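Since we're looking at a predicted model, the values are computed, not measured.
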Amino acid sequence: MFLINTMKCSLSEAEGVFTLKNENTTLGFVRFNDTGEVEYIFVNHLFRKKNIAKKLLKLVRQKTQKKLTFQKPISPLGLKLLESIRKWD
């Protein structure tokens, strides 16, 4: 259990998937492969703008120890996310 913006959350990990949940719902998840390629990322619209996507991507980067890449197509929201993490590399 840990906090994200004062929300108590739990993190679960299955093969290639990190999922963040609170006691009521899924906040977000990311699906990735061993090369650091992000196949899909989702954040519940009620919990956007709380750095959940960035937290999930940091977990992927820590797990894979690779530079992150993203499968196409990339949505307009995804492009905004990519722009915000560009300084990581």
Side-chain angles (χ1 to χ4, degrees):
M1 189 72 69
F2 58 94
L3 294 176
I4 294 182
N5 295 338
T6 70
M7 293 183 297
K8 290 182 182 177
C9 302
S10 64
L11 175 68
S12 63
E13 180 183 355
E15 189 169 332
V17 179
F18 286 119
T19 304
L20 275 175
K21 297 180 180 183
N22 66 15
E23 62 186 32
N24 297 315
T25 191
T26 298
L27 305 179
F29 68 89
V30 61
R31 187 174 62 221
F32 60 96
N33 61 35
D34 292 337
T35 66
E37 182 180 45
V38 174
E39 298 169 2
Y40 191 84
I41 187 165
F42 164 80
V43 175
N44 183 317
H45 71 279
L46 297 173
F47 299 97
R48 291 184 182 158
K49 304 272 185 189
K50 299 183 186 310
N51 291 320
I52 292 172
K54 288 180 183 177
K55 174 70 173 170
L56 290 166
L57 293 176
K58 285 179 182 178
L59 290 167
V60 172
R61 195 171 65 167
Q62 289 171 351
K63 171 83 175 178
T64 63
Q65 296 293 302
K66 307 280 184 186
K67 180 179 176 181
L68 299 180
T69 59
F70 299 84
Q71 281 189 359
K72 294 182 181 174
I74 300 173
S75 71
L77 278 176
L79 291 173
K80 288 177 90 172
L81 175 62
L82 291 179
E83 185 63 33
S84 73
I85 67 166
R86 187 176 306 261
K87 64 180 180 267
W88 287 3
D89 298 320

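- The CZ atom of R48 sits 5.5 Å away from the CG atom of L77 when rounded to the nearest 0.5 Å.
- Looking at L81 and K54, their side chains come closer than 4.5 Å, going by heavy atoms from C-beta outward.
- Relative ring orientation between F29 and F42 is described as tilted, the plane-to-plane angle lying within the 30° to 60° band.
- Taking NZ from K80 and CD1 from I85, the interatomic distance works out to 14.5 Å, rounded to the nearest 0.5 Å.
- Between L56 and the options L20, V38, V17, T19, a side-chain contact (heavy atoms from CB on, under 4.5 Å) holds for only L20.
- Considering CZ of F32 and CD of E37, their distance stands at 12.0 Å, rounded to 0.5 Å.
- Among I41, L79, L82, the one residue that satisfies the side-chain contact (heavy atoms from CB on, under 4.5 Å) test with F70 is L82.
- Counting heavy atoms from C-beta on, the side chains of N44 and T26 never come closer than 4.5 Å.
- The two residues C9 and L27 have their closest heavy-atom pair at SG-CD1, 3.3 Å.
- At least one donor-acceptor pair closer than 3.5 Å links the side chain of Q65 to the backbone N or O of Q62.
- Looking at R86 and E83, a side-chain N of the basic residue comes within less than 4.0 Å of a carboxylate O on the acidic one, giving a salt bridge.
- Nearest heavy-atom pair, K66 versus R61, reported as atom, atom and distance to 0.1 Å: O-CG, 3.6 Å.
- Taken from CG in L57 to CD1 in I52, the straight-line distance is 12.0 Å, to the nearest 0.5 Å.
- In this structure, NZ in K58 is found 7.5 Å from CG in N51, a value given to the nearest 0.5 Å.
- With contacts defined as side-chain heavy-atom distances shorter than 4.5 Å, the pair L68/V60 qualifies.
- No more than 12 heavy-atom neighbours from other residues, nucleotides or ligands sit within 6.0 angstrom of CD on E15.
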